[in-house]
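Take a look at the structure below.
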Amino acid sequence: MTESGNATKASWDPLRVDLGERSYDIRFYNNATDALVADIKALCPERAFVVTNETIWSAQGERFGAAMQAAGVDFTTAMVGDGEKYKTLDSASALYDRLLEERFSRRATVIAFGGGVIGDLAGFVAATFLRGVRFIQVPTTVVAMVDSSIGGKTGVDHRLGKNLIGAFYQPALVAVDLAYLKTLDDHNRHGGFAEIIKYGVIYDAALFDYLEKNVTRALKLESEPLLHVTRRSCEIKAAVVGQDEFEGGLRAILNFGHTFAHAIESVGEYKERQFHGQAVAIGMVAAGELACRLGMFSAGEQARLVKLIETAGLPTRIPEGMKAEQIVEGMKSDKKVVSGRQRFVLPTRLGEVVLRDDVETPAVLKLLRDLGAT
Ligand SMILES: NC(=O)c1ccc[n+]([C@@H]2O[C@H](COP(=O)([O-])OP(=O)(O)OC[C@H]3O[C@@H](n4cnc5c(N)ncnc54)[C@H](O)[C@@H]3O)[C@@H](O)[C@H]2O)c1
Ligand SMILES: [Zn+2]
């Protein structure tokens, strides 16, 4: 996995996600709505059902809708409320109502035009409407481009927890126009880069090196570095999913930083607002520091990780006022706890992680306090 060396120019060619008969392309565009729509049209034998929200549609939908019309794609748009709180069975149900009332058939194509919330919800609807209709992802956030739109996890939240109702259902195409990020707010743009940094740490030292040199330019949405890091992230997610489509093993490495992150998100202000990427950033620092203390990761590499996260404008310390005990409690309720033991994804070097389930709680509490918890 070193072909992403610093000098190579990133390619705009399609990237194949290899999953046997469920294989599909991730295609990249640079402000090229007509080309994107032409690729979508080829996968719409009949009518298309575009799921989005008012925020995204007013920022990016007008051109997309006009291009769909000009290309002669017969489509309807369905608006969902904006935010995680709309990723529910109620929203799915409202979408089924629309699909049935408007007599969509099994030859329908559902298109998610939005971030991870829209993608997860629309994908679940596509997986279940008439036992499954074709599904296309048009991601419009960094998280959706490098993470949620690839790999086939779809679903909705339940009042007892996030993502508890869902299905594995692969899209037929992921169409990534990097220009959509121009209207995304800073908070979500930076947050998404936490996931990109994650791919470097878990899988690809060359991506990590590249980010150390170019993350600021990529964050400014300069097309060359932005393409390079999004494409490489997609490749890594696709490679991991390709080896473990249904989360039997390897896919767990994608949770690097996330055990801590989910716990941090379950307390304090992080609960109220969407701070996932920011929590992942702190979680990666915590996991790296824990690995150092266990003698499996070098202080020099941990310092590089902290520096890169800072350069990307992300936090590296636990927000003031969070209690270490509360965070540990939050970790215990993580659905990925295996037979009662907390499992951590820890780096052994930049580009490689292992799973450890032998870390004692007092060591975790001390770590959290050293990182700013009380
Ligand atoms: N399926 C998976 O494998 C997977 C992986 C990671 C995350 N997720 C899920 O993804 C969701 C988070 O996704 P997200 O981070 O994309 O958040 P999001 O979908 O809530 O989008 C963030 C915000 O940006 C707005 N927005 C989106 N695109 C925009 C654009 N181009 N211009 C202006 N505003 C825009 C949205 O309306 C929203 O307010 C969570 O529900 C999470 O569970 C799923
Ligand atoms: Zn994440």
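As the structure lists them, so they are numbered: ligands from 1, and atoms in each ligand from 1.
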Please determine if [X] and [Y] form a salt bridge, counting it only when a charged side-chain N lies under 4.0 Å from a carboxylate O.
| X | Y | result |
| --- | --- | --- |
| E310 | K307 | no |
| R349 | E301 | no |
| K41 | D74 | no |

As an exercise, identify every atom of ligand 1 less than 4.0 angstrom from a heavy atom of [X].
| X | answer |
| --- | --- |
| T141 | 14 (P), 16 (O), 21 (O), 27 (C), 28 (N) |
| K153 | 1 (N), 3 (O) |
| N53 | 37 (O) |
| D82 | 36 (C), 37 (O), 38 (C), 39 (O) |
| N188 | 22 (C), 23 (C), 24 (O) |

Donor-acceptor contacts, no H, no angles, side chain residues 166-175, under 3.5 Å, sequence neighbours left out:
{"unit_1": "Y169", "atom_1": "OH", "unit_2": "V133", "atom_2": "N", "d": "3.4"}
{"unit_1": "Y169", "atom_1": "OH", "unit_2": "V133", "atom_2": "O", "d": "2.8"}
{"unit_1": "Q170", "atom_1": "OE1", "unit_2": "Y24", "atom_2": "OH", "d": "2.9"}
{"unit_1": "Q170", "atom_1": "OE1", "unit_2": "G152", "atom_2": "N", "d": "3.3"}
{"unit_1": "Q170", "atom_1": "NE2", "unit_2": "G151", "atom_2": "O", "d": "3.0"}
{"unit_1": "Q170", "atom_1": "NE2", "unit_2": "E245", "atom_2": "OE2", "d": "3.1"}

Look at [atom] and find which of [options] reaches it with the closest heavy atom.
| atom | options | answer |
| --- | --- | --- |
| atom 20 (O) of ligand 1 | I150, I118, V117 | V117 |
| atom 2 (C) of ligand 1 | G115, A112, G114, S148 | S148 |
| atom 42 (C) of ligand 1 | H276, K85, K87 | K87 |
| atom 40 (C) of ligand 1 | R251, E84, H258, Q60 | E84 |

* Residue-ligand contact K237/ligand 1, heavy atom below 4.0 Å ->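 Per 4.0 Å heavy-atom rule, K237 contacts ligand 1.
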* Cation over ring face, R47 and F104, 6.0 Å, 45° ->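 Relative to the ring axis of F104, which defines the angle, R47 lies inside both limits.
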* By side-chain contact (heavy atoms from CB on, under 4.5 Å), which residues pair with F75, not counting sequence neighbours? ->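 Scan of F75 (side-chain contact (heavy atoms from CB on, under 4.5 Å), adjacent residues dropped) gives A48, V50, M68, T77.
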* By side-chain contact (heavy atoms from CB on, under 4.5 Å) - contacts of T109 (at least two apart) ->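 Only C44, P45, I111, R134, I136 meet the side-chain contact (heavy atoms from CB on, under 4.5 Å) criterion with T109.
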* Asked: Excluding waters, how many protein N/O/S atoms sit closer than 2.8 Å to the Zn ion (ligand 2)?
  ->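 Considering protein N, O and S only, the Zn ion (ligand 2) has 3 within range.
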